[in-house]
Asks: 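Let me begin by handing over the structure; questions about it come next.
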Amino acid sequence: MTFEQIDGKVDIPSLEREVTEFWNANRVYEKRVEMQAGRQPWTFIDGPITANNPMGVHHAWGRTYKDLWARYWFMRGREVRNQNGFDCQGLWIEVEVEKELGFKSKRDIESYGVAEFVKKCKQRVLEFSAVQTEQSIRLGMWTDWDDPGELRKLKAALEDPLAETTYVGTHGPVTGTAEELVGKLGSREMGGSYFTFSDENNYMIWTVLKRLHERGLIYKGHDSMPWCPRCATGISQHEIVTEGYRELTHASVYLRFPLRGREGSLLIWTTTPWTLTSNVAVAIHPDLDYVKVSHEGEVYYLSKGTLPTVFPSGGYEVLEELKGAKMLGWSYNGPYDELEMPKSLGAPEAHRVIAWGEVGEAEGTGMVHIAPGAGKEDFELGVQYGLPVVGPLDEYGVFKEGLGWLSKTHVYDSPQPIFDDLKEKGILFRVQDYTHRYPVCWRCGSELVFLHAEEWFIDMGRVIDKPLDEVTEEEKEKNLRYQMMDSAKQARWIPGFGLARELDWLKNMHDWMISKKRYYGLALPIWTCPDCDWYDVIGSKEELKERAIEGWDEFRGHSPHKPYVDAVKIRCAKCGGTATRIPDVGNPWLDAGIIAYSTLDYRTDRKYWDKWFPAHFITECYIGQFRNWFYSMLAMSTILERRTPFEVVMGHGTVLAEDGRQMHKSWGNAIWFDDAADTMGADTMRWLFCSWKPENDILFGYTGTGDVKRLFFMPLLNVFNFFTIYAELDGWTPDQQPEALTELDRWILSRLNSLARHATEELAKYEVFSTCKEIERFVDVLSRWYVRRSRRRFWRSEADDDKKAAYATLYTCLKTLTLLMAPVTPFLTEAIYQRLVRGAEPDAPESVHLCTWPEVDEGLIDEGLMERMDLAVRVSSMGRAARNTSGIKLRQPLAEAVVVADTDDIERLMSLRGLVEEELNVKAVRFTSESGELMGLEVKPVFALLGKKHGRNVPRVAEAIKALGKAEAVRLQNGEAVEIIVDGATVEVLPEEAEVAPVQVEGYSVVEEAGLLVGVRTEITPDLEREGIARDIVRRIQSLRKEADFEIDDRIATYYSGDPSIEEVFEAEGDYIKAETLSVELTKGEAPGGAYSGEFDIDGKKLGLYLLRVDG
RNA sequence: GGGCCCGUGGCUUAGGAUGGUUAAAGCGUUCGACUGAUAAUCGAAAGAUCAUGAGUUCAAAUCUCAUCGGGCCCA
């Protein structure tokens, strides 16, 4: 069999499974890679997906892009490097493992054992990297995948980390301890995806951090961060924003801070009484109006605007009004100045009034209590004003030593005792319930506190207060911020506003906090001396070994993770003490940011790195990546090489559910990737994603993918099936080329080549949306015009040249289209290619994905022809509309269609008239530039105006107006007055007294549109009527043939009986009926036994038909 | 508060860089047709002052500014 159909009721997912099996059985991907080795490189760097859960449909969007350009460049003949990557370290994985193990806090991890916990984290990564690998293969992603089974075996082997095992990588088996092999995943020796927990990835970051340290850019700082006392962990701002707020009611307190050296107190309000232990300053707004008031014998300062809320029942007297600015620098006595910790840190001496622009009057007293050790903004203000930092809580929310009676009590139990204490001290003003949105831990729901912690930072460079382009080379020299901006500008950002966003982030970013007080992640290579302030950064495993003074044996054979690496100690270069590693792990964006170096063997094989760096292309969902992955990639590359690691970066939007909301398990609008792949199919998703503008968020669901299938895939498959049915029947093969092509053929080939040109150029620019739209348009015209207008050419029984032309043309269209679509819909195109090309062209590559990208034949692009055909399509469409309004069915032939157009258009349409005749089922198309052929002008009197002017003569005037000729009508239309004769008198008719409207000429149904007029003659002569009936008869015979299950090319004998007027048609139109229905004879009367019969009704007249298959 | 994006028929979106006849699709609605691609398909109709206001221009959905509304990022 040369050509093979695809079942019209095709189940796309099962088709895709069949294609996957074909690829696997024939090692198609491997063959492609071998074919391209040593050619011009194309390199893609994958932003790692967190291997922590199954992937979602939102991942499928970006992954579709990632795959499509790799396939495109494969077809363009490049050597492609597109290694997939997994993000393997960080809190998210810890959280899932904690859930698995039922842990509630960090204490649970400590008692379980850090080594075991880290192992569990690695095992989780191996499990889900296997799952995601399977899913990605299901999506059709082509890259050097690990065998998921091997990943799972390695996971099991890791149970005993130091035991020998073997991993079958993509280049063959590798043997080592389980922990060693895990640490080598993704290396050139092992093949497969890269894993950010690999030894190389971690040590490469050590190298970077050491370089930064050598430049003096690593420092220890402080931060005040939201903290869950129950989980004993910091919570990032991001975690709070997504689901971390709850409506809560707390007891808030108003209290007095007595002023030093002047009368009265500052009136302070706070919702977090525990922070009063750490008060250092009071912030006011310098421009706000404040008042000094007396109330029940006490004197207070507060802002004027808050008087009504503070004293709801009045009873105060304003003694003085003043601007906030006048109070700056005033000193006061804090509520806990007697405690040892604040005293030792110098808080009492520091107490003063400071300015802060964020102070408002919406709540409180317009005076804000500032505790730099217990709040984020407080901390920043503290840095700005050089205030001491009092951090009262430990990581479990317990008050530290040095806080008197509060020490060792828990922060959650503190409000009431504090209120009692304040009352005893005589500074309590009022306690009052207050409801607000308060941050809580997204894992356990505990209320968060702010904790002051030591953290490690990279100095990203100060902001220089001048326009970007005026920053000098010298200023940039020590300033990563500006160097990164330069790197960012070297890349092309899609969409264009991406660069502006990245630069905005770079302008505003703070120093990079790289430490996190957790267990599973990059071991920050910072060793500190417990006896002095010395610290150093280690740049490699080798350096660590060399400098180790103890613990190396314990560490040997392990990956650089906690707890083993912590055993290694080095000598303090300053005091000779024993320095230990800080317990912190690294920010996971360090892991993802380094991969343009770590995965390309930057440290060990610079030639290899040179070949593949920088990436030609990267793409990710842009929400968040400007400050995450794009940022960290730029940072690392700027530190190491001061250049961008990617040439083109494309960002795309987020996937939303079809109701326009985020997909959410509990809202019931989420779609899982596996379900989507199983029901709608991977290619359907891929097409939906690619035919969407990347910068817009996409509404993803079964309606959209259903449309893809119904409006695009099905018409395409229908055309394909149409071709295969007839080509197979006729035994056409591609070597049967025609002598000449028709205009219709040349037109569709012209369309095809301009499509190919568009696709080639746009895909090279990383633009796929418009290509998909063009392809959809092409399939539309191919189906609705080329094939529809060519159908009869395929039906003819003899194989003439015109038929060859039709086959050759349609074959070329389908084959080229398949190649153009191959990168976007790899499964569907493979299914078509196998059935269309493989049987017909013995030398064709065995897979569509082993083909080269189609060449564009510019010579076949004929702009003039395409314009003319567009015109013919429009005329046909208008003609159909005209028939439609006349109510005459299309099967009924009509005598003529008249087209009114200018002479140029007539000229252009002339050679295409045959197509229009067939399409409109008319005997002839007549062209004219005289619109009067189809449209007259009707003049209607405006009675409202005429009545006043002519009184009782109106009817006769109106009569005369209606009877006006065309010339006068035109003058009226042009705003001129005309004269008429009524009863012998001359009457002037003003333009406003008559409405002029076009009206159709009798006997035609007419449609008008933009300078064109198309009409069909509606008269049905007896001859035409007979022909119409003949077509009706043909249709009934055809449907009967089909019911009878005859083959398309079976010959039949037809017997008929019925109304005399119908029988007469059989005689008059016999030849036509015979030819159309493959009837070798037409016989009046009932058939012999065994005939297939049917009774019909044609416009109320009876028809009986009896069909017999004839052999030979 | 700063930066960026988006507002187009009932719904979902094209078009927008380069201003130019009557703003284009699909869904939905209504009517009709076709019939050897057929549980498919095709045609037609109704439906939009292109968020609002101003400006530039002979001409603005498109360019500029402002306002309103929605979203994202950073404070």
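Every chain is numbered from 1 and lettered A, B, ... according to where its sequence line falls, protein lines coming before strand lines.
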Asks: Take atom P in B/A25 and the same atom in B/G43, then report the distance between them in whole Å.
Replies: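 Nearest-Å result for B/A25 against B/G43 at atom P: 11 Å.
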
Asks: Between B/A54 and B/G10, how far apart are the two P atoms, rounded to whole Å?
Replies: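 Each nucleotide's P atom is 23 Å from the other's.
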
Asks: Return the pairing partner of B/C65 with a 3.5 Å limit on both distances, Watson-Crick or G-U wobble; otherwise return none.
Replies: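 Pairing partner: B/G53.
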
Asks: Heavy-atom nearest nucleotide on RNA chain B for A/M509 versus A/P715: which residue maps closer to 5'?
Replies: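 Upstream on the strand: A/P715.
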
Asks: Any strand is fair game: report the nucleotide pairing with B/C72 by Watson-Crick or G-U wobble, both distances under 3.5 Å, or none.
Replies: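 With both distances under 3.5 Å, B/C72 matches B/G3.
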
Asks: Under 3.5 Å for both donor-acceptor distances, Watson-Crick or wobble: does B/A45 have a partner, and if so which one?
Replies: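 Across any shown strand, B/A45 pairs with B/U29.
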
Asks: Give the nucleotide from the list B/U12, B/G26, B/C5 with an atom nearest to the side chain of A/D707.
Replies: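 Selected nucleotide (nearest to the side chain): B/G26.
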
Asks: Say you pick atom C1' in B/C4 and the same atom in B/A23; how far apart are they, in whole Å?
Replies: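 These two C1' atoms come out 28 Å apart once rounded.
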
Asks: Could you please name the option among B/C74, B/U12, B/C4 that lies closest to any side-chain atom of A/A500?
Replies: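 My answer, after comparing the listed nucleotides, is B/C4.
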
Asks: The side chain of A/H510 is closest to which nucleotide in this list: B/A75, B/C74, B/A40?
Replies: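 In terms of side-chain proximity for A/H510, the closest of B/A75, B/C74, B/A40 is B/A75.
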
Asks: B/U13, B/C74, B/A37: which one has an atom nearest the side-chain heavy atoms of A/F722?
Replies: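 From the listed options, B/A37 comes nearest.
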
Asks: Does the side chain of A/E380 come under 3.5 Å of the side chain of A/W356 through a donor N or O and an acceptor N or O?
Replies: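 No, no side-chain donor-acceptor contact under 3.5 Å.
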
Asks: At 4.0 Å (heavy atoms only), tell me whether A/R791 reaches a base, stays on the sugar-phosphate, or touches nothing.
Replies: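 Base contact.
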
Asks: Between B/G1 and B/G19, how far apart are the C1' atoms? Round to whole Å, please.
Replies: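 Here B/G19 and B/G1 have their C1' atoms 36 Å from each other.
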
Asks: Base, sugar-phosphate alone, or nothing: which one does A/R501 contact when heavy atoms must sit under 4.0 Å apart?
Replies: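 The residue A/R501 makes base contact.
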
Asks: Classify A/F626 by what it touches in the nucleic acid, base, sugar-phosphate, or nothing, heavy-atom distance under 4.0 Å.
Replies: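 The answer is nothing, as A/F626 stays clear of every strand by at least 4.0 Å.
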
Asks: Mind checking whether A/F630 and A/W505 have ring centres under 6.0 Å apart?
Replies: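 For A/F630 and A/W505, the ring centres are not under 6.0 Å apart.
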
Asks: With rounding to the closest Å, how many angstrom separate the C1' atoms on B/G9 and B/G26?
Replies: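 That atom pair is separated by 13 Å.
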
Asks: Taking the six-membered ring where the residue is Trp, are the ring centres of A/Y631 and A/W589 under 6.0 Å apart?
Replies: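 Aromatic pair excluded; centres sit 6.0 Å or further apart.
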
Asks: Does A/E695 or A/I725 map to a spot on RNA chain B nearer the 5' end, using the closest nucleotide for each?
Replies: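 By nearest-heavy-atom nucleotide position, the 5'-most residue is A/E695.
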
Asks: In whole angstrom, give me the gap between the P atoms of B/G71 and B/A60.
Replies: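 Nearest-Å result for B/G71 against B/A60 at atom P: 33 Å.
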
Asks: Go through B/U13, B/U35, B/A37 for me and flag the one nearest to the A/N718 side chain.
Replies: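 For A/N718, the side-chain atoms sit closest to B/A37.
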
Asks: Does A/R627 place a side-chain N or O at less than 4.0 Å from the phosphate oxygens OP1/OP2 of B/C74?
Replies: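 It does, given that an N or O in the side chain of A/R627 lies less than 4.0 Å from OP1 or OP2 of B/C74.
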
Asks: How many Å lie between CZ on A/R789 and P on B/A37, as a whole number?
Replies: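 About 13 Å, once rounded to whole Å.
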
Asks: Which part of the nucleic acid does A/T703 contact within heavy-atom distance under 4.0 Å: base, sugar-phosphate only, or nothing?
Replies: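 It contacts nothing in the nucleic acid.
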
Asks: Could you work out the separation of B/U21 and B/C65 based on their C1' atoms and round it to a whole Å?
Replies: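 Per the computed distance, 30 Å lies between those C1' atoms.
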
Asks: Who is the Watson-Crick or G-U wobble partner of B/A17, with both distances under 3.5 Å?
Replies: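 Base-paired to nothing in any strand shown.
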
Asks: Using the P atom as the point on both nucleotides, what is the distance between B/C63 and B/G20, in whole Å?
Replies: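 Comparing P positions in B/G20 and B/C63 gives a spacing of 11 Å.
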
Asks: Would you indicate what A/Y726 reaches in the nucleic acid, counting non-hydrogen atoms under 4.0 angstrom: base, sugar-phosphate, or nothing?
Replies: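 Answer is sugar-phosphate: A/Y726 comes under 4.0 Å of backbone atoms only.
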
Asks: Does the ring centre of A/F450 sit less than 6.0 Å away from the ring centre of A/F379?
Replies: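 Ring centres of A/F450 and A/F379 not closer than 6.0 Å.
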
Asks: As a test of reading the structure: which of B/A44, B/C42, B/C74 is closest to the side chain of A/S877, going by heavy atoms?
Replies: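 Closest nucleotide to the A/S877 side chain: B/A44.
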
Asks: Please work out if A/K693 contacts a base, only the sugar-phosphate, or nothing of the nucleic acid, heavy-atom cut-off 4.0 Å.
Replies: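 Since only primed, P, OP1 and OP2 atoms lie under 4.0 Å of A/K693, the category is sugar-phosphate.
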
Asks: Any cation-pi pair here, A/R751 with A/F778, using under 6.0 Å and within 45°?
Replies: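 No.
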
Asks: How about A/F723 and A/F794: are their ring centres within less than 6.0 Å of each other?
Replies: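 No - the distance between ring centres of A/F723 and A/F794 does not fall below the 6.0 Å cut-off.
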
Asks: Rounding to an integer number of Å, can you tell me how far A/I494 CD1 sits from B/A17 P?
Replies: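 Rounded to whole Å, this separation is 19 Å.
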
Asks: Kindly point out which of B/C27, B/G43, B/A75 is positioned nearest to the side chain of A/R784?
Replies: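 In terms of side-chain proximity for A/R784, the closest of B/C27, B/G43, B/A75 is B/G43.
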
Asks: I need the CD-P distance between A/E380 and B/A75, as an integer number of Å.
Replies: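 Rounded to the whole Å, the gap is 8 Å.
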
Asks: Quick check on B/A14: is either OP1 or OP2 less than 4.0 Å from any side-chain nitrogen or oxygen of A/N696?
Replies: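 The answer is yes; a side-chain N or O of A/N696 sits under 4.0 Å from OP1 or OP2.
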
Asks: Check this one for me: any side-chain N or O of A/R777 less than 4.0 Å away from OP1 or OP2 of B/A24?
Replies: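 A/R777 to B/A24 OP1/OP2: no side-chain N or O under 4.0 Å.
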
Asks: Roughly, in whole Å, what's the span from CG in A/L711 to C1' in B/C42?
Replies: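 Roughly 13 Å, once rounded to whole Å.
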
Asks: Indicate whether OP1 or OP2 belonging to B/C34 is found under 4.0 Å from a side-chain N or O atom of A/R880.
Replies: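 So the side chain of A/R880 is outside the cut-off, no N or O lying under 4.0 Å from OP1 or OP2 of B/C34.
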
Asks: Kindly state whether the ring of A/W732 and the ring of A/Y811 have centres lying under 6.0 angstrom apart.
Replies: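 Yes, ring centres under 6.0 Å apart.
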
Asks: Aromatic contact between A/F769 and A/W692, with the criterion being ring centroids under 6.0 Å apart: yes or no?
Replies: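 A/F769 vs A/W692: aromatic centres not under 6.0 Å.
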
